[in-house]
Amino acid sequence: MHGLSWAIAHAVLTVWLHQWRRTPLAGQVQMIKRSDRNSPPVPADRLNASRSNWKEALLLALCKNLPLSIGRKIRAITYRAILAEMGQSVQIENDVDLIHASGIRFGSQIKIGQNARIQCCGDNSTIHIQNNASLDRSVEITTHGSGKITIGEQTYIGPYTCLSGDFIQIGHSCLIASHSSLYTEHYTAGDRSYSSQDQASRYKGIVIEDDCWLGSGVRVVDGVTIGKGSVIGAGAIVTTDIPPYSIAVGVPAKVVSQRTAKAAKPSTDEPGQEPTSNR
């Protein structure tokens, strides 16, 4: 009986979303009919943006707090109507905020933890979370202006981590532990004739290459590239580029050693002898 009920709900939601994509909202149709016939027509992009925001607010209000597996299944169906892209087997926990979701792309088999917040602040900004990536609870991701944030395949972002700025690229198979932060906005605070809030800002971007591991509480500032396979110790503040396969710790972070390929364990047998067997 439970399986039949879920199949009926799935069919109803699918038909409803299909019709919703094709039909303008009633309020928008009435507004256009009441407008002056001599007034210029509403631009298509403005109408579509208004419609998208309306759908986004309604779907989040209806679906984001639904608990347990039934909530995840409903969100996996309904959120396709507001996201730019959504792959298969996406698990979105309850109380996740998606703001300006038309710029957000989800790959397949990703997991978004409870209380996460993902928002595109600019009209042309995008956030792309690729296949098999995982965001733990209360992760916050925010783009600025026409920014772009990409999280690579099989990458894990720990709880209470914040990514914010104009350009952030995280490679595949990375581990970023809890309470870390990546901020690409840099203020030029030298002119005291302006208040702190009115100081000019600039963006360079942050790149975390493949297979990196950032410990808990790591801070990465604007303009930094962390090379492939590097490990950053907990609590470090990364202010300069880190070469590939480095181990860096401290404030500011300094390279203390290099990761090397571990050689095969040497044999204890003499050349020409048969290998010793364990008895």
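These numbers come from the heavy atoms of this one structure, side chains and all, not from hydrogens, waters or symmetry mates.
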To the nearest 0.5 Å, tell me how far [X] [atom1] sits from [Y] [atom2].
{"X": "Ile127", "Y": "Phe106", "atom1": "CD1", "atom2": "CZ", "answer": "8.5 Å"}
{"X": "Glu209", "Y": "Ser230", "atom1": "CD", "atom2": "OG", "answer": "8.0 Å"}
{"X": "Tyr183", "Y": "Thr142", "atom1": "OH", "atom2": "OG1", "answer": "8.5 Å"}
{"X": "Cys212", "Y": "Tyr245", "atom1": "SG", "atom2": "OH", "answer": "9.0 Å"}
{"X": "Glu153", "Y": "Ile110", "atom1": "CD", "atom2": "CD1", "answer": "11.5 Å"}
{"X": "Ile104", "Y": "Ile149", "atom1": "CD1", "atom2": "CD1", "answer": "10.0 Å"}

Sub-4.5 Å side-chain heavy-atom contact between [X] and [Y]:
{"X": "Ile118", "Y": "Ile129", "result": "yes"}
{"X": "Asp97", "Y": "Gln119", "result": "no"}
{"X": "His179", "Y": "Thr161", "result": "no"}
{"X": "Leu60", "Y": "Tyr79", "result": "yes"}
{"X": "Val238", "Y": "Ile232", "result": "yes"}
{"X": "Leu182", "Y": "Cys162", "result": "no"}
{"X": "Ile141", "Y": "Leu135", "result": "yes"}

Apply side chain to side chain contact (heavy atoms under 4.5 Å, CB included) to Asp95 and Lys64, showing your working.
CA-CA 5 Å; Asp95 206 24; Lys64 81 170 189 174; 3.6 Å; yes
Got more than 12 heavy atoms from elsewhere within 6.0 Å of NZ, Lys204?
no
Can a side-chain donor-acceptor contact be found between [Y] and [X] if the only test is distance below 3.5 angstrom?
{"X": "His172", "Y": "Asp210", "value": "yes"}
{"X": "His144", "Y": "Ser164", "value": "yes"}
{"X": "Gln258", "Y": "Ser246", "value": "yes"}

Distance-only, no hydrogens or angles: does the [X] side chain make a donor-acceptor pair with backbone N or O of [Y] under 3.5 Å?
{"X": "Ser178", "Y": "Pro159", "answer": "no"}
{"X": "Ser108", "Y": "Gln88", "answer": "yes"}
{"X": "Arg117", "Y": "Asn115", "answer": "no"}
{"X": "Ser216", "Y": "Ala177", "answer": "no"}
{"X": "Arg259", "Y": "Val231", "answer": "no"}

Are [Y] and [X] connected in a single hydrophobic cluster, I mean Ile/Leu/Val/Met/Phe/Trp/Tyr linked by side-chain heavy atoms less than 4.5 Å apart?
{"X": "Ile247", "Y": "Val251", "answer": "no"}
{"X": "Val249", "Y": "Val255", "answer": "no"}
{"X": "Phe167", "Y": "Ile170", "answer": "no"}
{"X": "Ile112", "Y": "Leu175", "answer": "no"}
{"X": "Ile226", "Y": "Val221", "answer": "yes"}

Least distance between heavy atoms, [X] atom then [Y] atom:
{"X": "Thr143", "Y": "Ser125", "result": "OG1-OG, 2.9 Å"}
{"X": "Gly223", "Y": "Ile206", "result": "N-CG1, 4.4 Å"}
{"X": "Cys174", "Y": "Thr155", "result": "N-OG1, 3.1 Å"}
{"X": "Asp136", "Y": "Gly158", "result": "CB-C, 3.8 Å"}
{"X": "Ala133", "Y": "Gly152", "result": "CB-O, 3.7 Å"}
{"X": "Glu56", "Y": "His100", "result": "OE2-N, 3.0 Å"}

Sidechain N-carboxylate O distance under 4.0 Å for Arg105, Glu85
yes
Sole residue of Leu59, Leu98, Asn94 in side chain to side chain contact (heavy atoms under 4.5 Å, CB included) with Arg75:
Asn94
Step-by-step side chain to side chain contact (heavy atoms under 4.5 Å, CB included) determination, Lys111 to Glu93
CA-CA 8 Å; Lys111 297 179 181 180; Glu93 298 295 337; over 6 Å; no
List the steps, then state whether side chain to side chain contact (heavy atoms under 4.5 Å, CB included) holds for Trp213 with Ile176.
CA-CA 6 Å; Trp213 182 5; Ile176 298 180; over 6 Å; no
Does Thr150 form a side chain to side chain contact (heavy atoms under 4.5 Å, CB included) with Gln130? I'd like the steps, not just the answer.
CA-CA 8 Å; Thr150 303; Gln130 297 179 353; 3.5 Å; yes
